[in-house]
Amino acid sequence: MTRLNARDKRSGMLPYLLLLPVLVFAVIFKLYPIFYSFVSGFQFKGAVSLRTYELMFADKTFWNSVSVTVKMNLIMTPLQIILSLIMALMVNANLKGIGVYRSVYYLPVTISMPVAAICFSMILSYNNGVANTILGSFGVPVQGFFNDKTQAMACIIALCTWKGCGYWMMFYLAGLKGIDDSLYEAATVDGAGYFAKLFHVTLPMLRRTTLFVIVADTSTNLLLFAPMKLITDGGPRSTTDVLMYEAYRQAFKYGNYSKGSAITSVLIVIILLVVLLEFRMMADRDR
């Protein structure tokens, strides 16, 4: 009996031992940097102080970055979610060769963001970009794209949407595969058409998937950095200076590590609030 109990204890500990390397990795490379960022934000000239936050909240550049980040997410996140859902609905059909279309739609996900950013900057180049060459052949004036303050944000959104929609499409596709066919059969018997099934069967059954995609996509977009660093450098005229890039610039360009950490802490708080809101929405809808 004692041997059996010892064996059961070892078996019960096995899952935790297998998870231990991942936990250690998360603590060292995820939790510790977050904790260090919060602590650094309260450092001002070698002393513990709220002065860094006071100066940050009084800085117009910080509030411009907040405004740019919010505007970008209010446009980009809903756009990506809607397009991802449409793509998932398109590739969910049981047609011959549908796997090829799924691969094509997913292909941009396999390209790293730095590579995608460089490719888009070359295509949308003001001087010799392919896009301006094609537009010029139709008599359209040369466009500034990333160099134009009215177009730069739209170009960033287009890049990130092209890059990310295939990824979120796969979550929606998995959700669609989990919907019981009997629900559609019952709706057909009741005389429901395509859009009636979409709004009364498909979308309600995808609620949890949609909530997950919303919070995950928003978190990803809030931490967006590479396009601003590689293409626009936060410009033109700070129109693409998001919070993540402003934190990088304060820390590594200006050497103000405390302010960079404070901005990062604000970003973390915003992401946590989004996650808490997502759980609240799930709890309210499940009652």
Side-chain angles (χ1 to χ4, degrees), residues 70-111 113 116 119-120 123-124 131 134-135 138 151 153-222 224 227 271 274-287:
V70 172
K71 290 178 182 178
M72 184 185 71
N73 278 271
L74 287 177
I75 298 173
M76 183 161 60
T77 301
L79 178 64
Q80 290 180 350
I81 292 171
I82 293 172
L83 290 178
S84 299
L85 176 59
I86 293 174
M87 291 166 60
L89 291 171
M90 292 172 61
V91 301
N92 189 44
N94 292 321
L95 300 175
K96 185 178 181 180
I98 195 64
V100 176
Y101 292 98
R102 292 173 183 170
S103 300
V104 170
Y105 290 155
Y106 189 77
L107 187 61
V109 181
T110 64
I111 303 174
M113 179 56 82
C119 290
F120 262 70
I123 293 172
L124 301 180
I134 296 175
L135 292 174
F138 292 97
Q151 299 178 358
M153 178 57 70
C155 293
I156 293 289
I157 292 174
L159 163 61
C160 297
T161 300
W162 174 83
K163 174 75 173 65
C165 277
Y167 180 74
W168 306 119
M169 176 196 73
M170 298 306 294
F171 288 96
Y172 274 119
L173 183 59
L176 289 170
K177 293 299 183 183
I179 300 176
D180 196 338
D181 291 336
S182 62
L183 297 175
Y184 292 108
E185 294 173 359
T188 302
V189 171
D190 291 338
Y194 176 79
F195 288 103
K197 294 177 184 177
L198 175 63
F199 287 103
H200 296 288
V201 178
T202 304
L203 294 182
M205 295 301 294
L206 289 176
R207 182 181 60 81
R208 286 183 173 273
T209 302
T210 300
L211 289 174
F212 168 78
V213 171
I214 288 174
V215 68
D217 191 24
T218 303
S219 300
T220 302
N221 293 336
L222 283 171
L224 190 63
I271 293 173
V274 171
V275 173
L276 291 174
L277 178 62
E278 186 263 352
F279 280 112
R280 179 65 181 270
M281 291 172 62
M282 290 179 64
D284 289 344
R285 292 293 296 273
D286 286 341
R287 290 176 183 175

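The first residue in the sequence is number 1, and the count goes up from there.
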### Query
Do K71 and M153 have side-chain heavy atoms sitting under 4.5 Å apart?
no
### Task
For the pair M87 and V91, evaluate side chain to side chain contact (heavy atoms under 4.5 Å, CB included) and give the outcome as yes or no after the intermediate values.
CA-CA 6 Å; M87 291 166 60; V91 301; 5.7 Å; no
### Verdict with reasoning, M76 to L224, per side chain to side chain contact (heavy atoms under 4.5 Å, CB included)
CA-CA 11 Å; M76 183 161 60; L224 190 63; 4.1 Å; yes
### Query
Closest heavy-atom contact between V109 and Y167?
CG2-N, 3.2 Å
### Of L89, I82, L83, the residue whose pairing with L85 passes side chain to side chain contact (heavy atoms under 4.5 Å, CB included)
L89
Listed pairs under 3.5 Å, donor-acceptor, residues 209-219 side chains, sequence neighbours left out:
{"from": "T210", "atom 1": "OG1", "to": "Y172", "atom 2": "OH", "distance (Å)": "3.2"}
{"from": "T210", "atom 1": "OG1", "to": "L206", "atom 2": "O", "distance (Å)": "2.9"}
{"from": "D217", "atom 1": "OD1", "to": "W168", "atom 2": "NE1", "distance (Å)": "3.1"}
{"from": "D217", "atom 1": "OD1", "to": "N221", "atom 2": "ND2", "distance (Å)": "3.3"}
{"from": "T218", "atom 1": "OG1", "to": "I214", "atom 2": "O", "distance (Å)": "2.7"}
{"from": "S219", "atom 1": "OG", "to": "V215", "atom 2": "O", "distance (Å)": "2.8"}

### Task
Would you please test M113 and C160 for side chain to side chain contact (heavy atoms under 4.5 Å, CB included) and show each step?
CA-CA 8 Å; M113 179 56 82; C160 297; 4.2 Å; yes
Which donor-acceptor pairs under 3.5 Å do side chains of residues 185-195 form with protein atoms, sequence neighbours excluded?
{"from": "T188", "atom 1": "OG1", "to": "Y184", "atom 2": "O", "distance (Å)": "2.8"}
{"from": "T188", "atom 1": "OG1", "to": "K197", "atom 2": "NZ", "distance (Å)": "2.6"}

### Query
If you look at every heavy atom in K177 and R102, which pair is closest and at what distance?
NZ-NH2, 3.5 Å
### Query
Taking T110 for the side chain and L107 for the main chain, is one N or O donor matched with an acceptor at less than 3.5 Å?
yes
### Message
Can you tell me which residue among L176, N92, L183 is in a side chain to side chain contact (heavy atoms under 4.5 Å, CB included) with T202?
### Response
L176
### Task
For the pair I111 and W162, evaluate side chain to side chain contact (heavy atoms under 4.5 Å, CB included) and give the outcome as yes or no after the intermediate values.
CA-CA 11 Å; I111 303 174; W162 174 83; 3.8 Å; yes
### Task
Identify the heavy atoms of P227 and I156 that sit nearest to each other, and give their distance.
CB-CD1, 3.5 Å
### Summary
Here the gap from M169 atom CE to Y105 atom OH, rounded to the nearest 0.5 Å, amounts to 8.5 Å
